Q: 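First, the structure itself, so that you have it in front of you.
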Amino acid sequence: KFSLEKHFEKIHPGMKYLLSNFGDTLLVCFPLPSSETSDDDAVKEICKAIIYARTVVTWGISKGIPFRGCISVGHYLVDENSVVGPAIFDASEWYESTNWMGIILTPKAQLWLESTAGKDQIPFNFYLMKYSVPLSGPSNQQTSKELWAVTLPEIFLTPGSPVYDSKVPPRVKFLKYLFEINEPKAVEPKFLNTITYFDEYERSDIWLNMKEWLSKQKTKTPESLKKS
């Protein structure tokens, strides 16, 4: 936990959040400034959660720690020893539901986002991608559900990010990180599904548009991807 907090503070100094851990589970809360927060400001807080989630999963992969999880939206109560509320219950229903290394928005969070920002005007297409996410279940009965998925592969593909290496093709670098993760054979589909997502993202219009944007920025790099 301390190492992750230190890493995140270097990349995104000053961002406010609450981090708790329960065994091998991390719980991160981004409180809104007040109950009267505007929709635009609330969406900005979701952006922060997405940026944090991408940082956590990328940091984990680079350290040999596979993460999966979800982002929920709603009310919660927190004290020194516990966090409870509708948002936490929603997250508990989904955080272990996927069969990959990645982050999704729960269906409830997706509903809130599309009703607040507008289905066709999601203001951070670089951060989210509609994807048929593989769900956990028997290996011979794997199912999937179309959800907003956090664009984790982008960080491995973008020059200037903490895990980008100009001397190694991004996909090769990504596979090398996965190779260093020790997991039993039973979770092999999780790795294959993660690689499939990487490949599909790299072929997606979202990444093509991001590359075009980056080429126009020349030496500039998105704030969320800068090294310390």
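Note that the structure is predicted; figures quoted are calculated from it, not measured. Counting from 1, the numbers follow the sequence of the chain as shown.
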Q: Are any of the side-chain heavy atoms of Ile50 and Ile103 separated by less than 4.5 Å?
A: no
Q: Using every non-hydrogen atom in the two residues, find where Leu178 and Phe191 come nearest and quote the distance to one decimal.
A: O-CE2, 3.5 Å
Q: Might you point out which heavy atoms bring His75 and Pro86 nearest each other, and give the distance in Å?
A: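 Taking every non-hydrogen atom into account, O-CD, 3.2 Å.
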Q: Which residue, Leu152, Ile155, Val163, forms the side-chain contact (heavy atoms from CB on, under 4.5 Å) with Ile61?
A: Leu152
Q: Can you tell if the side chain of Val83 reaches within under 4.5 Å of the side chain of Leu77, non-hydrogen atoms only?
A: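 The answer is no; the side chains never approach within 4.5 Å.
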Q: Any carboxylate oxygen within less than 4.0 angstrom of a Lys/Arg side-chain nitrogen, looking at Lys130 and Glu114?
A: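 Yes, charged N to carboxylate O under 4.0 Å.
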Q: If I take atom CG from residue Asn209 and atom CG from residue Leu214, how far apart are they, to the nearest 0.5 angstrom?
A: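 The CG atom of Asn209 sits 11.0 Å away from the CG atom of Leu214.
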Q: Decide side chain to side chain contact (heavy atoms under 4.5 Å, CB included) for Ile104 and Val150; before the verdict, give the C-alpha distance in whole Å, the side-chain angles of both, and the deciding distance to 0.1 Å.
A: CA-CA 6 Å; Ile104 61 168; Val150 174; over 6 Å; no
Q: For Phe67 and Val56, work out which heavy atoms get closest and say how close.
A: CD1-O, 3.7 Å
Q: Is the shortest side-chain N to carboxylate O distance from Asp165 to Lys173 below 4.0 Å?
A: yes
Q: In sequence, state the C-alpha distance, the side-chain angles, and the governing distance for Lys190 and Thr98, and then conclude on side chain to side chain contact (heavy atoms under 4.5 Å, CB included).
A: CA-CA 9 Å; Lys190 181 188 296 184; Thr98 57; over 6 Å; no
Q: Decide yes or no for Leu128 and Leu105: does some side-chain heavy atom of the first lie under 4.5 Å from some side-chain heavy atom of the second?
A: yes
Q: Using side-chain heavy atoms (C-beta onward) and a distance below 4.5 Å, is Val84 in contact with Tyr76?
A: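 The answer is no; the side chains never approach within 4.5 Å.
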Q: Spell out, as yes or no, whether a donor-acceptor pair under 3.5 Å connects the side chain of Thr58 to the backbone of Thr55.
A: no
Q: So if you build clusters from Ile, Leu, Val, Met, Phe, Trp, Tyr with side-chain heavy-atom gaps below 4.5 Å, do Tyr177 and Val168 land together?
A: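 Different clusters.
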Q: Please walk me through it: do Leu157 and Glu202 pass side chain to side chain contact (heavy atoms under 4.5 Å, CB included)?
A: CA-CA 8 Å; Leu157 294 165; Glu202 191 173 16; 3.7 Å; yes
Q: Less than 4.5 Å apart, side chain to side chain, heavy atoms only: is that true for Glu146 and Val133?
A: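 Result no, sub-4.5 Å side-chain heavy-atom pair not found.
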Q: So, taking the atom named CE in Met210 and the one named OH in Tyr127, what distance separates them when rounded to the nearest 0.5 Å?
A: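 Here the interatomic distance stands at 7.5 Å.
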Q: Under 3.5 Å, side chain of Ser62 to main-chain N/O of Trp59, donor-acceptor pair present?
A: yes
Q: Is it possible for you to say whether Met129 and Leu208 belong to one hydrophobic cluster, with membership spreading through side-chain heavy-atom contacts below 4.5 Å?
A: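 In one cluster with Met129: Leu208, no.
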Q: With the side chain counted from C-beta on, respond yes when Glu188 and Leu192 share a heavy-atom pair under 4.5 Å apart, and no when they do not.
A: yes
Q: Which residue is it: Asn193, Ile181, Ile65? I am looking for the one with a side-chain contact (heavy atoms from CB on, under 4.5 Å) to Met101.
A: Ile181
Q: How about Tyr197 and Tyr131: are their ring centroids closer than 6.0 Å?
A: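 Yes.
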Q: Does some side-chain heavy atom of Thr151 sit less than 4.5 Å from a side-chain heavy atom of Trp207?
A: no
Q: Are the charged groups of Arg54 and Glu154 less than 4.0 angstrom apart, N to O?
A: yes
Q: Return the minimal non-hydrogen interatomic distance between Pro170 and Tyr164, and the atom names on each side.
A: CG-CE1, 4.0 Å
Q: If you take all heavy atoms of Asp90 and Ala109, which pair is closest and at what distance?
A: OD2-N, 4.4 Å
Q: Between Ser144 (side chain) and Pro134 (backbone), is there a donor-acceptor pair under 3.5 Å?
A: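 Looks like no, no N/O pair under 3.5 Å.
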Q: What I'd like to find out is whether the side chain of Pro107 reaches to under 4.5 Å of the side chain of Trp94, using heavy atoms alone.
A: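 Answer yes - side chains close enough.
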Q: Hey, what do you get for CD1 (Ile195) to CH2 (Trp100), rounding to the nearest 0.5 Å?
A: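 Between atom CD1 of Ile195 and atom CH2 of Trp100 there are 13.5 Å.
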Q: Could you pull out the closest heavy-atom pair between Ser72 and Ala87, with the gap in Å?
A: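 Scanning both residues, the minimum pair turns out to be OG-O, 3.3 Å.
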Q: Say whether Tyr52 and Tyr95 are linked into one hydrophobic cluster, either directly or through other cluster members, by side-chain heavy-atom distances under 4.5 angstrom.
A: no
Q: Decide whether Trp148 and Leu111 are clustered together by the hydrophobic rule: side chain heavy atoms of Ile, Leu, Val, Met, Phe, Trp, Tyr closer than 4.5 Å, transitively.
A: no
Q: Can you tell me how far CD of Glu200 sits from OG of Ser132, rounded to the nearest 0.5 angstrom?
A: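 Here the rounded value is 8.5 Å.
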Q: Apply side chain to side chain contact (heavy atoms under 4.5 Å, CB included) to residues Thr106 and Glu93 and explain how you reach the verdict.
A: CA-CA 9 Å; Thr106 69; Glu93 292 284 292; over 6 Å; no
Q: Regarding Arg68 and Ser136, do their side chains bring together a donor and an acceptor under 3.5 Å, going by distance alone?
A: yes
